[in-house]
Amino acid sequence: MPELPDVENFKKYFKKTSLHKKVENIESNQKSLIRKITFNDFKKKIIGHKFEDAWRRGKFLIIEIGGISEKLIFHFGMTGYLSYFKQGKESHFAKVVFNFNNGYKLEWINKRKLGKIYLVEDIREISLLKNMGVEPLEISEKEFLELLENNKSRGIKSFFMDQTEIAGIGNIFSDEIFFRAKISPKSKIQDLSNSKKKALYDKMKKVLKEAIKIGPPEGSFDPSRWLIPHRQKDMKCPNGHDLKKETIAGRSSYYCPICQK
DNA sequence: ACGGATGTTATTAA
DNA sequence: ATTAATAACATCCG
């Protein structure tokens, strides 16, 4: 799940559940997913402190800890999420578990082990964070059009998924944005008209904002407007045309050849 | 049972 | 110098 809207909702979930409680213990059955520090030092640094705030950058969740300068950073890979509970909901795929002094625990769950956890003084110690591109919900139209101009020889899909250009958009949401903007994922940026470029900007913001509000997996995407629910299900676009599946920029891309020119 | 999967990175090719 | 294509990571799901 974790693209920008998902991580944004993980952030809200984390802030709602896990702030201002003392961490009493940390357990892990996959210590190799904790980077930049040994598991022993990781525990030593965090135990006895409280999480005080959290924010998102791209697909990363960055957590401020009271009393120490290091930040805790979650990256979720393709299959990660968080789960907070007292007992009985333990996940088979929990890799790191934070136990709080109120008897609750926060599980960092990662099915395929492509996610990572870091504890660093400066987020720039993580090269992808250091090189992270603009936040799509913060960029102005003017800046966005300039960014396209600087990348005009690239394919639109590879550009949208490139974290060093735009932060937080991945395979699923880039497809969704292209569908809304009626643009083929195979387009080269230089072949897009000005109005298409503006549509891309507009739909990028709309899709991401709406997706955050819907907040999967609890909320679901209305199949009469969204491409997402059609991906595996019926392979029809929301207007009833046959969807096409093709590898573009290395990923399975779904698009409607009729709606998206 | 086998192909595919929401991510990132290193390597190789064009 | 750019950009794209491919494989690798590790493992679960349908």
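So you know, we letter chains A, B, ... as the sequences are listed, proteins then strands, and number each from 1.
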* Asked: Taking only side-chain nitrogens and oxygens of Tyr254(A), does any of them come within less than 4.0 Å of OP1 or OP2 of dA5(B)?
  -> yes
* **Parallel, tilted or perpendicular: rings of Phe39(A) and Phe42(A) (30°, 60°)** => parallel
Please write out each protein N/O paired with an N/O of nucleotides 9-14 of chain B under 3.5 Å, distance rounded to 0.1 Å.
none

* Asked: In whole angstroms, how far is the P atom of dC9(C) from the CZ atom of Phe76(A)?
  -> 25 Å
* Report the relative orientation of the aromatic rings in Phe221(A) and Trp226(A); use parallel for angles under 30°, tilted for 30 to 60°, perpendicular for over 60°. => tilted
* Asked: Looking for any heavy atom pair under 4.0 Å, which part of the strands does Lys59(A) touch: base, sugar-phosphate only, or nothing?
  -> sugar-phosphate
* **Distance in angstrom units between Leu33(A) CG and dT8(B) P, rounded** => 15 Å
* Asked: Which is true for Lys157(A) with a 4.0 Å heavy-atom rule: it touches a base, it touches only sugar-phosphate, or it touches nothing?
  -> nothing
* Asked: Hey, is NZ on Lys213(A) packed in by over 12 heavy atoms from elsewhere, all under 6.0 Å?
  -> no
* Asked: To the nearest Å, how far apart are Ile109(A) CD1 and dG7(B) C1'?
  -> 18 Å
* Asked: Is there a side-chain polar atom (N or O) of His75(A) under 4.0 Å from OP1 or OP2 of dG7(B)?
  -> no
* To do: Nearest 0.5 Å please: distance from the NZ atom of Lys22(A) over to the CD1 atom of Ile46(A).
  => 15.0 Å
If you restrict it to nitrogen or oxygen atoms, what contacts under 3.5 Å exist between nucleotides 3-7 of chain C and the protein, and what is each distance?
residue: dT3(C); atom: OP1; partner: Ser153(A); partner atom: OG; Å: 2.7
residue: dA4(C); atom: OP1; partner: Gly155(A); partner atom: N; Å: 2.6
residue: dA4(C); atom: OP2; partner: Ser158(A); partner atom: OG; Å: 3.1

* **Parallel, tilted or perpendicular: ring planes of Phe144(A) versus Tyr201(A), cut at 30 and 60 degrees** => tilted
* Distance under 6.0 Å and angle within 45° of ring axis: Lys36(A) vs Tyr118(A) -> no
* To do: Have a look at Asn171(A) and tell me which of Glu176(A), Lys157(A), Glu3(A) forms a side-chain hydrogen bond (donor to acceptor under 3.5 Å, both in side chains) with it.
  => Lys157(A)
* **Residues from residues 161-168 of chain A lying under 4.0 Å of DNA chain C - heavy atoms** => none
* Could you tell me how the ring of Phe178(A) sits relative to the ring of Phe160(A): parallel (under 30°), tilted (30 to 60°) or perpendicular (over 60°)? => perpendicular
* So, is Arg251(A) near the phosphate of dG7(B), with a side-chain N or O under 4.0 Å from OP1 or OP2? -> yes
* If you look at every strand shown and take non-hydrogen atoms under 4.0 Å, does Leu114(A) touch a base, only sugar-phosphate, or nothing? -> base
* To do: Please find out if less than 6.0 Å separates the ring center of Phe179(A) from that of Tyr255(A).
  => no
* Where does the angle between the aromatic ring planes of Phe74(A) and Phe98(A) fall among parallel (under 30°), tilted (30 to 60°) and perpendicular (over 60°)? -> tilted
* Structure fact -> Pairs under 3.5 Å (Watson-Crick or G-U), crossing ones as [ ], inter-strand ones as |: DNA chain C comes out as .||||||||.||||
* So Trp108(A) and Phe76(A), would you call those rings parallel, tilted or perpendicular, with 30° and 60° as cut-offs? -> tilted
* What is the distance, rounded to the nearest whole Å, between atom CG of Asn110(A) and atom P of dG7(B)? -> 13 Å
* Send over the distance from Asn29(A) CG to dA10(C) P, rounded to a whole Å. => 15 Å
* Please confirm whether the backbone N or O of Arg251(A) pairs with a side-chain atom of Ser253(A), one donor and one acceptor, at under 3.5 Å? => yes
Atom pairs under 3.5 Å: protein N/O with N/O of nucleotides 11-14 of chain C:
residue: dT11(C); atom: OP1; partner: Lys113(A); partner atom: NZ; Å: 2.3

Could you list the donor-acceptor pairs under 3.5 angstrom formed by side chains in residues 236-245 of chain A, with sequence neighbours left out?
residue: Lys236(A); atom: NZ; partner: Asp242(A); partner atom: OD1; Å: 2.6

* To do: Quote, to the nearest angstrom, the C1' distance that separates dC9(C) from dA1(B).
  => 23 Å
* Asked: Counting only heavy atoms not in Lys205(A), do more than 12 fall under 6.0 Å of its NZ?
  -> yes
* Protein-nucleotide distance (Ile172(A), atom CD1; dT8(B), atom P), rounded to Å -> 13 Å
